[in-house]
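Below is one structure; the comments refer to it alone.
Fair warning: this is a prediction, and the values are worked out from it, not measured in the lab. For the numbers below, each heavy atom of this structure counts, side chains included, while hydrogens, waters and symmetry mates do not. In each ligand, atom 1 is the first atom listed, and ligand 1 is the first ligand listed.
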Amino acid sequence: MAETYDIAKAVEAQKEYCKEYAANHPEDWVSKFMAEGRGFAPVSGVCWCCHQNIYTKEGYVTINRRRTERKTEGISVERARRELTTGCPFCYRSYVD
Ligand SMILES: [Zn+2]
């Protein structure tokens, strides 16, 4: 299946995922904020560590806050819809703290 990249759609998709998760796991502590559509990833998609948008097609791999020349894939709309975003795909920073 082709992956598509669209920041606004991915943000929406992640919200949908969160609400669905909360509805299916009412006993889970994270469901309290996930029911409002909030997950762990920054709501705008902009990583607060490397300042790249995690929902763009490509970003620079960033290690210890230093941007490398290597590019890697961001989070697609499809992926945002099927799984919880817990970290940055570019700098690997965890959002679960
Ligand atoms: Zn990052």
Around the Zn ion (ligand 1), what protein N, O or S atoms are found below 2.8 Å? C47 SG, C50 SG, C88 SG, C91 SG
Is it true that, when you exclude E27 itself, more than 12 heavy atoms of the residues, nucleotides or ligands shown sit nearer than 6.0 Å to its CD? yes
Are E12 and K15 within salt-bridge range, i.e. N to O under 4.0 Å? yes
Test question: given the 4.5 Å side-chain rule for I, L, V, M, F, W and Y, name all other residues clustered with Y17, or answer none. I7, V11, Y21, W29, V30, F33, M34, F40, W48, I54, Y55, I75, L84, Y95, V96
Heavy-atom side-chain proximity of T4 to E78 below 4.5 angstrom: yes
Are the side chains of R79 and R81 in touch, meaning some heavy atoms are under 4.5 Å apart? no
Short question: side chain of S31, backbone of H25 - any donor-acceptor pair under 3.5 Å? yes
